[in-house]
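Here is the structure we will look at.
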Amino acid sequence: MTRWDDIAETGSRERELLEQLQPEALPTHVALIMDGNGRWAKRRGLARIEGHRAGIKAVRRTIKLAGRLGLQVITLYAFSTENWKRPALEVRTLWGLLKEFIDSDLDSFVQQNLRMRTIGDTSRLDPSVRRYLKRAVQATEKCTGMLVQIALNYSGRHELTRMLKTAVTEARQGKLDVGVIDEDWINAHLDTAEAPDPDLLIRTSGEQRISNFLLWQLAYSELYFTPVLWPDFDEKNFLEALLAFQERERRFGGLLEDPAAPSESSA
Ligand code: FPP
């Protein structure tokens with residue numbers, strides 16, 4: 001009996017990967033750019049939306065494994081502020097899939113003790129979508145396990161712009177002393193206020209970009225890019241990313257070897 005016995009079957013490739021995983025070297029927070037749904041569908045001669053539908057299965061298995069491994073936060077980039085430019089039918093179907101996902105998975109979220117919240121400007125979403133999200137957030141608010149943040153109508157620049165507007169408005173009204181603004185204050189006034197910064201960002205589909213995701217929060221995150229298309233991203237791929245993370249040497253702009261030595265800047 002080993003620490004991962006309840007997760008993988010004996011002899012499986014997953015087990016081999018799990019055996020190499022050091023619990024103390026796991027990231028606390030993993031952020032994911034789930035890319036490649038359209039290409040996945042195209043390769044199969046299917047409509048793009050079928051790629052998103054298959055992508056939901058990958059969302060489900062990724063969340064499940066992350067929760068079982070004991071990660072504290074997972075953040076999924078599900079809909080960016082730029083995604084409104086896609087064909088209306090695709091946009092409408094994406095929101096429909098999100099509702100279906102909440103209908104089908106909310107009970108399982110509660111059973112897995114997962115807390116769901118959203119980041120992004122949800123005030124602009126269709127009222128019916130907002131009702132679904134409210135239901136999901138309320139149903140899971142007492143869950144004490146992993147926090148699942150779903151980025152909806154989100155972009156990093158938009159989040160920073162909203163934060164700045166609020167700060168300026170409050171300062172003008174005399175409610176905010178500008179002298180209190182520091183990095184901690186900014187962290188506490190972003191959508192992600194409840195979560196530590198991501199330790200690891202995973203992007204699927206071979207693209208190597210941040211695409212306006214968590215611009216402030218990713219400052220020191222490790223970046224991991226995989227050619228696997230999101231609908232194909234499975235437990236093994238996730239474990240491989242976690243193992244790659246475990247090999248990284250994180251320095252946060254300092255020096256690992258001798259923290260007291262005179263600084264010779266390194267990132
Ligand atoms: C990018 O693939 C993916 C998206 C824009 C949407 C991601 C949404 C899901 C995985 C489903 C909904 C999520 C939740 C949390 C319920 P793409 O369409 O840009 O792919 P392409 O680059 O191959 O065209």
Side-chain angles (χ1 to χ4, degrees), residues 30-67 71 73-109 112 114-120 122 125-126 128-137 139-140 146-156 158 191-192 195 201-214 225-234 237-238:
V30 176
L32 287 124
I33 301 181
M34 311 180 284
D35 198 8
N37 294 352
R39 276 163 284 170
W40 184 93
K42 194 172 176 201
R43 283 179 197 175
R44 287 164 176 73
L46 300 169
R48 292 178 54 80
I49 199 64
E50 294 308 321
H52 298 313
R53 200 181 293 284
I56 298 237
K57 292 186 186 154
V59 166
R60 197 172 281 131
R61 54 182 178 252
T62 302
I63 291 176
K64 187 171 174 197
L65 180 55
L71 305 195
V73 188
I74 191 163
T75 303
L76 303 163
Y77 204 2
F79 196 94
S80 77
T81 51
E82 287 81 25
N83 286 155
W84 295 106
K85 294 178 205 146
R86 295 186 175 214
L89 178 64
E90 182 176 344
V91 169
R92 225 177 21 250
T93 317
L94 266 171
W95 293 115
L97 285 176
L98 177 70
K99 289 186 198 172
E100 276 178 28
F101 175 70
I102 290 173
D103 271 338
S104 59
D105 284 57
L106 191 51
D107 288 350
S108 159
F109 258 62
Q112 293 176 73
L114 303 172
R115 185 159 67 93
M116 186 184 136
R117 66 185 304 274
T118 61
I119 60 169
T122 52
L125 305 184
D126 185 90
S128 73
V129 175
R130 292 212 309 268
R131 275 196 298 279
Y132 266 78
L133 293 172
K134 192 171 170 192
R135 176 157 70 91
V137 170
T140 61
M146 186 177 72
L147 172 64
V148 180
Q149 299 192 117
I150 305 190
L152 296 168
N153 192 27
Y154 177 88
S155 80
H158 192 245
D191 297 350
T192 48
L201 170 79
I202 300 173
R203 182 174 188 149
T204 57
S205 93
E207 309 293 344
Q208 303 196 1
R209 289 188 294 276
I210 303 298
S211 294
N212 217 344
F213 192 38
L214 301 172
F225 301 104
T226 169
V228 174
L229 302 177
W230 177 251
D232 290 328
F233 189 78
D234 63 11
N237 302 132
F238 192 17

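Since this is a predicted model, take the numbers as computed values, not measurements. We count ligands from 1, going down the list as the structure has it; atoms in each ligand are counted the same way.
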What's the spacing between F225 CZ and D35 CG if we round to 0.5 Å?
11.0 Å
[X] to [Y] - nearest heavy-atom pair and separation:
| X | Y | result |
| --- | --- | --- |
| D232 | R61 | C-NH2, 3.9 Å |
| D126 | S128 | OD2-OG, 2.6 Å |
| L46 | W40 | CD1-CZ3, 4.2 Å |
| L106 | A139 | CD2-CB, 3.9 Å |

Judging by distance only, is a nitrogen or oxygen of [X] under 3.5 angstrom from one on ligand 1?
| X | value |
| --- | --- |
| R86 | yes |
| D35 | yes |
| W40 | no |
| E90 | no |
| V59 | no |

State the atoms of ligand 1, each with its element, that fall below the 4.0 Å cut-off from a heavy-atom position in [X].
| X | value |
| --- | --- |
| N83 | 5 (C) |
| L98 | 16 (C) |
| M34 | 1 (C), 2 (O), 3 (C), 10 (C) |

To which protein heavy atom is [atom] closest, and what is the distance rounded to 0.1 Å?
| atom | value |
| --- | --- |
| atom 10 (C) of ligand 1 | N37 ND2, 3.4 Å |
| atom 12 (C) of ligand 1 | I56 CD1, 3.9 Å |
| atom 20 (O) of ligand 1 | G38 N, 3.0 Å |
| atom 4 (C) of ligand 1 | H52 CE1, 3.9 Å |

Decide yes or no on side chain to side chain contact (heavy atoms under 4.5 Å, CB included) for Q112 and S108, but give the supporting numbers first.
CA-CA 6 Å; Q112 293 176 73; S108 159; 2.8 Å; yes
S205 heavy atom under 4.0 Å from ligand 1
no
I need the contact type for [X] against ligand 1. Using non-hydrogen atoms and a strict under-4.0 Å cut-off, is it side chain, backbone, both or neither?
| X | answer |
| --- | --- |
| E82 | neither |
| L97 | neither |
| K42 | neither |

Could you tell me how the ring of Y154 sits relative to the ring of Y77: parallel (under 30°), tilted (30 to 60°) or perpendicular (over 60°)?
perpendicular
With no hydrogens and no angle check, just 3.5 Å: does a side-chain donor-acceptor pair link T93 and R53?
no
Distance-only polar pair, side chains of R130 and T122, donor-acceptor under 3.5 Å
no
Look at atom 13 (C) of ligand 1 and find which of S211, A58, A78 reaches it with the closest heavy atom.
A78
Please compare K99, R43, R48, M116 and report which has the shortest non-hydrogen distance to atom 24 (O) of ligand 1.
R48
Test side chain to side chain contact (heavy atoms under 4.5 Å, CB included) on R203 and S211 and set out the steps.
CA-CA 10 Å; R203 182 174 188 149; S211 294; 2.7 Å; yes
Does the ring centre of Y132 sit less than 6.0 Å away from the ring centre of W95?
no
